[in-house]
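Structure, as structure tokens:
Starting from 1, each residue takes its place in the sequence as its number. Counting convention: from 1, in listed order, for ligands and their atoms alike.
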Amino acid sequence: MIDFKIHHKSETASTNLDALKGGHGEVYTADYQSAGRGRLDHKWESRKGENLMMSVVLSVEGMEPEKVATLPIVMGLAATKVLYSTAKLKWPNDVLVEGKKLAGILCERHGDNVIVGIGVNVNTERFSPEIEHRAISLKLLNKHEVEVNEVRDQLLSGIADYYEIWKTHGFDATLLNELKKIDFLRGKTISVRQTDDDLTPLVGLCEGIADDGSLIVSGERVYAGEAHIEGIF
Ligand code: BT5
């Protein structure tokens with residue numbers, strides 16, 4: 001069990017920045033982020049008061065770097081299982097429903113802690129033109145308003161459960177097996193770009209996620225990047 005302590009602000013730059021001052025189990029949330037971000041300096045968009053923006057501080061003290069490297073994928077697994085029954089995880093940690101993004105996760109290591117930043121589209125009905133064709137919210141799926149704090153508490157409970165399992169057993173066969181069932185890319189032909197302007201993406205058959213958290217593409221292990229299914233996402 002983690003004894004979470006929640007700090008809430010109505011507005012902040014980024015909850016991941018707020019979390020820099022936190023210790024294990026401290027949680028930072030906000031109704032609005034003026035500089036919400038994703039991986040590779042992408043922006044995370046969310047109108048005020050509609051959605052969950054949360055950063056959780058988890059200790060990785062004394063753990064091998066190889067083990068710590070698998071925490072993001074385990075957090076993606078936790079979020080995918082908790083947020084929606086038919087949700088899939090797109091490596092490394094996008095939660096998709098009906099092929100559209102419901103939540104995104106940004107994990108950042110800071111000393112002995114990892115800051116797990118999660119943005120969940122809870123009540124947004126209309127997204128900006130840049131993402132409207134590939135974003136979805138719980139409200140659009142459930143056809144009714146959803147309580148943001150309820151989503152927060154469910155997510156925290158899932159994060160605590162999976163963190164404890166992972167801390168004790170690592171990213172083991174049981175977790176890998178669970179992941180296999182919700183893996184969005186597995187079995188599809190994909191291209192992976194290491195950076196946004198990567199002109200030579202790796203193209204091949206996705207064989208799933210390995211026990212070190214990497215993505216296996218035609219036998220090659222990919223440790224970071226952005227994967228796309230040709231023509232879809
Ligand atoms: C992510 O990055 O998906 C990680 C997002 C993490 C956001 C949380 S909110 C709390 C904490 N504080 C922060 O500042 N960040 C974390 P990435 O895989 O790079 O995806 C970002 C891309 O997703 C953008 O470039 C857009 O194309 C798209 N996007 C932006 N906002 C979105 C939204 N609300 N729903 C769906 N897609 C979105």
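Enclosure of atom CD in E61 is not indicated, since only 12 or fewer non-hydrogen atoms of other residues, nucleotides or ligands lie within 6.0 angstrom.
Note: F4 and H24 fail the aromatic proximity criterion, with ring centroids not under 6.0 Å apart.
At distances below 3.5 Å, not a single donor-acceptor pair connects side-chain atoms of E125 with backbone N or O atoms of K139. The backbone N or O of W166 sits less than 3.5 Å from a side-chain atom of K67, completing a donor-acceptor pair. Remark: side-chain polar atoms of K181 are not paired, donor with acceptor, to backbone N or O of N177 under 3.5 angstrom. Although no hydrogens or angles enter the test, the distance criterion places a donor-acceptor pair under 3.5 Å between the side chain of N121 and the main chain of I136. When atom types are taken as modelled, the side chain of R221 and the backbone of D212 share no donor-acceptor pair closer than 3.5 angstrom.
In this model, a donor atom of one side chain and an acceptor atom of the other lie less than 3.5 Å apart for N51 and S46. Side-chain contact of E45 with S128: a donor-acceptor pair under 3.5 Å is present, judged by distance alone. For the 3.5 Å distance criterion, the side chains of T29 and H8 qualify, holding a donor opposite an acceptor.
Cluster annotation: I182 is connected to I118 through the hydrophobic network of ILVMFWY side chains, with a link wherever side-chain heavy atoms come within less than 4.5 Å.
Residue R134 approaches ligand 1 through these ligand atoms, each under 4.0 Å from one of its heavy atoms: 27 (O). Within the listing of ligand 1, atoms 10 (C) sit less than 4.0 angstrom from a heavy atom of M54. In summary, the atoms of ligand 1 found under 4.0 Å from a heavy atom of S55, numbered by their order in the structure, are 11 (C). Counting the atoms of ligand 1 from 1 in the order shown, those under 4.0 Å from a heavy atom of G38 are 1 (C), 2 (O), 4 (C), 5 (C), 19 (O). Of all atoms in ligand 1, numbered sequentially from 1 with element shown, those under 4.0 Å from a heavy atom of G36 are 14 (O). Close contacts of ligand 1 with S14, meaning ligand atoms under 4.0 Å from a residue heavy atom, involve 12 (N), 13 (C), 14 (O). Proximity to A135 (heavy-atom distance under 4.0 Å) selects the following atoms of ligand 1: 35 (N), 36 (C).
Under a 4.0 Å N-O distance rule, the pair K101/D94 qualifies as a salt bridge.
Here the heavy atom of the protein found nearest to atom 24 (C) of ligand 1 is K43 O, 3.4 Å. Ranking protein heavy atoms by distance to atom 11 (C) of ligand 1, first place goes to T15 OG1, 3.3 Å. Among protein heavy atoms, the minimum distance from atom 21 (C) of ligand 1 is reached at H42 CB, 3.6 Å. Summary of contacts: the protein heavy atom closest to atom 23 (O) of ligand 1 is K101 NZ, 3.4 Å. If you check which protein heavy atom lies closest to atom 35 (N) of ligand 1, you get N121 ND2, 2.9 Å. Atom 28 (C) of ligand 1 has its closest protein heavy atom at I131 CG2, 3.9 Å. W44 CH2, 3.4 Å is the protein heavy atom nearest to atom 33 (C) of ligand 1. Nearest to atom 15 (N) of ligand 1 among the protein's heavy atoms is R37 O, 2.8 Å.
Neither the backbone nor the side chain of E226 has any atom closer than 4.0 Å to an atom of ligand 1 (non-hydrogen atoms only). In D94, the part holding a heavy atom less than 4.0 Å from any atom of ligand 1 is the side chain.
Remark: distances from the non-hydrogen atoms of S46 to ligand 1 are all 4.0 Å or more. The shortest heavy-atom distance from L40 to ligand 1 is not under 4.0 Å. Within the structure, ligand 1 lacks E130 among the residues with a heavy atom less than 4.0 angstrom away.
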